[in-house]
Amino acid sequence: MIPKKAAHFMRQFSFAKLYQEIKIGMHALYLAFMQIARREIAFAYAGLQILYLLLPSVKTKAQQMIVHYSSISIGTLPVAIIVTFACQLTDVKYMDIKVGEMIGLCLLPSLFIQKLSKNMFFMLFFFCFLFISGLCKSYFMDFVIPSGVGALKQPYWIGITRFIELLTCFSVVAFIVKHIQTRLQLNEFVHYFLLSNSVFAIIFILCYPIGKEIGFYYFDIHRLKGFFNEGGPLGTYFAFLFMLSHALSPKKTKIWFLLLFASIMFLAQSKASAIAVLAYFSIISISAIKSKLRKLAAIIALSILFVFAALSIVDNYVEMFRELDITLRNGSEDPNIVAGRVSGVFISNNMMADNPIFGIGLGNYPLLRNNPAYLGQFPALDVWDITGLGAIHTLLLECGIAGFMLLIYCLYRLRRETPEKAHFILIFCMPLFFGAHLHFHYPWIVIAIMQVTHKKSALPPPLKHFNAIKRIPLK
């Protein structure tokens with residue numbers, strides 16, 4: 001027989017009510033974090049706002065505080081600095097947790113304290129689809145797990161980890177959208193964001209002579225890597241900053257930003273960043289041509305130039321592919337061949353051919369890499385190996401055509417709101433094609449900018465054409 005108190009509780013219980021309680025609690029945690037960011041002594045308030053979930057007697061007081069602090073904005077400069085650290089510190093770890101992801105997790109409550117637009121809900125649905133479809137696909141996969149893999153990299157858990165990483169990207173978007181409300185604030189945020197990254201760039205350049213001792217570059221080739229795991233991702237990030245500064249910086253500071261970011265790309269010796277910038281300028285140059293005949297001729301000429309430039313840049317990979325069969329027969333253990341991009345091209349293609357619609361599951365490539373059904377001529381490795389081929393390739397591999405088409409639809413919904421957003425979508429896609437992971441924070445900053453520009457208070461004049469010259473200026 002059910003006790004009277006338990007029966008009364010069951011009659012009063014409501015999932016909607018529970019959701020509201022959790023939402024208010026997350027809001028309270030977020031506000032406590034914001035108060036600390038503004039250098040206010042808010043520890044007592046934070047404890048009060050957390051405890052009200054457990055003690056109904058303090059609930060009224062906490063709700064009054066939430067109403068009082070809900071309109072507080074910490075300012076564009078702190079927002080830009082927080083986002084810069086979240087983007088830069090991708091390989092700096094504390095207790096095996098990356099600092100950039102820790103910052104994203106701290107911003108996660110921002111998802112619960114504001115009304116999300118329909119497009120942001122579609123993005124959230126996109127992440128949930130990747131997660132759920134990945135868990136379902138994992139049930140049918142035959143994993144060959146490398147030894148020494150931690151608990152969070154085991155089957156199913158790796159999907160949960162990747163999903164949380166994607167949510168941290170979304171939390172950065174929500175964080176920016178909440179605190180950047182007007183056109184002036186957007187201009188200030190972009191300027192401060194580029195300026196903060198310029199400080200990192202200057203530090204990298206000044207410390208370059210002693211970079212090996214402090215871990216800023218690796219090997220004897222003096223390849224700068226900063227706070228990334230290698231030079232390629234660092235170069236891709238600064239290529240993104242290069243494109244963003246070209247699109248949104250005022251003329252007074254643009255040349256300095258471009259020179260500084262190009263210097264880091266050069267020191268990082270990043271081939272992908274050079275190709276990304278070349279592709280970016282090719283596309284915006286073609287889009288500025290009005291004559292259809294001239295545009296077609298420019299597309300053909302630039303396509304030929306792009307192919308030759310790409311082949312010259314990746315010449316070492318071409319030579320490696322030519323001698324690959326002989327090298328593998330001789331039992332080579334060169335990590336540049338048996339791991340990373342070279343082996344990833346062949347092994348991932350075998351996986352995609354076997355799982356074209358829904359992919360192999362979110363984060364599952366390292367756990368399936370040693371499966372004999374996909375290995376081909378490559379040897380099995382007892383290490384954690386990823387393809388390193390960029391977010392678009394990884395999305396097709398792990399989530400299939402369905403995941404890729406859903407991303408395209410989300411970008412289409414963002415694009416159709418205002419004409420100038422095609423330029424932003426180009427900047428968003430370039431890093432994803434040339435080495436950035438989908439769970440890196442920095443490409444999603446463009447999505448936040450697109451959301452802010454959609455607000456009536458921040459909306460710029462509409463563009464008649466997708467033109468590099470007619471872009472949003474900073475004032």
Side-chain angles (χ1 to χ4, degrees), residues 29-30 33 36-37 79-111 127 130-131 134 146 148-154 156-176 193 196-197 199-201 203-204 211 214-218 223-238 240-241 264 268 270 340 362-367 383-391 394-395 398 431-432 435-445 447-448:
L29 287 172
Y30 174 81
F33 174 75
I36 294 169
V79 171
I81 292 174
I82 291 171
V83 174
T84 299
F85 276 91
C87 295
Q88 284 277 1
L89 305 181
T90 60
D91 202 47
V92 180
K93 297 180 180 179
Y94 177 74
M95 297 178 63
D96 291 332
I97 301 177
K98 296 177 181 178
V99 175
E101 293 175 0
M102 291 174 63
I103 296 174
L105 287 172
C106 291
L107 302 178
L108 199 57
S110 60
L111 291 175
F127 292 156
L130 300 187
F131 172 58
V149 173
L152 295 179
K153 292 183 178 180
Q154 295 292 330
Y156 301 101
W157 285 105
I158 184 65
I160 297 173
T161 303
R162 289 287 181 264
F163 177 62
I164 294 174
E165 288 175 345
L166 291 174
L167 283 184
T168 61
C169 298
F170 202 71
S171 70
V172 171
V173 175
F175 175 69
I176 296 172
F193 176 69
S196 302
N197 283 280
V199 173
F200 274 91
I203 292 173
F204 294 155
I214 60 178
F216 277 177
Y217 66 76
Y218 58 99
R223 187 179 184 185
L224 184 67
K225 72 180 186 70
F227 295 111
F228 287 75
N229 64 331
E230 60 177 2
L234 175 69
T236 306
Y237 175 54
F238 276 90
F240 166 80
L241 296 174
I264 298 298
S270 174
L362 199 61
N364 283 340
Y365 172 80
L367 302 175
V383 296
W384 188 262
D385 182 35
I386 58 176
T387 61
L389 295 172
T394 303
L395 183 66
E398 296 181 348
L432 302 183
H437 294 293
L438 198 63
H439 59 266
F440 279 3
H441 292 138
Y442 66 86
W444 299 97
I445 295 172
I447 302 298

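- Of all non-hydrogen atoms in Gly226 and Leu234, the two that sit nearest each other are N-CD2, 3.7 Å.
- Judged by distance alone, the side chain of Ser171 and the main-chain N or O of Gly104 form a donor-acceptor pair under 3.5 Å.
- The shortest heavy-atom contact between Pro431 and Pro443 is CB-CG, 4.5 Å.
- Here Ile164 contributes atom CD1 and Glu101 contributes atom CD; the two are 9.5 Å apart, rounded to the nearest 0.5 Å.
- Going from atom OG1 of Thr168 over to atom CD1 of Ile103 covers 10.5 Å, rounded to the nearest 0.5 Å.
- Considering NZ of Lys153 and OG1 of Thr161, their distance stands at 9.5 Å, rounded to 0.5 Å.
- Applying the salt bridge (charged side-chain N to carboxylate O under 4.0 Å, His left out) criterion to Glu165, with sequence neighbours excluded, gives Arg162.
- Rounded to the nearest 0.5 Å, atoms OH (Tyr156) and CG (Leu362) are 14.0 Å apart.
- In this structure, a donor-acceptor pair under 3.5 Å is absent between the side chains of Glu398 and Asn364.
- A heavy-atom distance below 4.5 Å is found between the side chains of Leu395 and Leu130.
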Exercise for the section: Walk me through it: do Phe175 and Ile82 pass the test side chain to side chain contact (heavy atoms under 4.5 Å, CB included)? Expected result: CA-CA 10 Å; Phe175 175 69; Ile82 291 171; 4.0 Å; yes
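- The structure places SG of Cys87 at 4.5 Å from OH of Tyr237, a figure rounded to the nearest 0.5 Å.
- Across Ala268 and Gly231, no two heavy atoms sit closer than the pair CB-O, 3.5 Å.
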Exercise for the section: Walk me through it: do Phe193 and Leu241 pass the test side chain to side chain contact (heavy atoms under 4.5 Å, CB included)? Expected result: CA-CA 9 Å; Phe193 176 69; Leu241 296 174; 3.5 Å; yes
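- From Ile160, atom CD1 reaches atom CD1 of Ile158 across 10.0 Å, with rounding to the nearest 0.5 Å.
- Partner of Phe200 under the ring pair (Phe, Tyr, Trp, His ring centres under 6.0 Å) criterion, out of Phe238, Phe228, Phe85: Phe85 alone.
- A distance-only check finds a donor-acceptor pair linking the side chain of Trp444 to the backbone of Leu438 [under 3.5 Å].
- Relative ring orientation between His439 and His437 is described as parallel, the plane-to-plane angle staying below 30° on a 0-90° scale split at 30° and 60°.
- The shortest heavy-atom contact between Ser270 and Thr236 is OG-N, 4.1 Å.
- Among all heavy-atom pairs drawn from Gln154 and Leu367, the shortest one is C-CD1, 4.0 Å.
- Listed here is the closest heavy atom pair of Gln88 and Phe227: O-CB, 3.4 Å.
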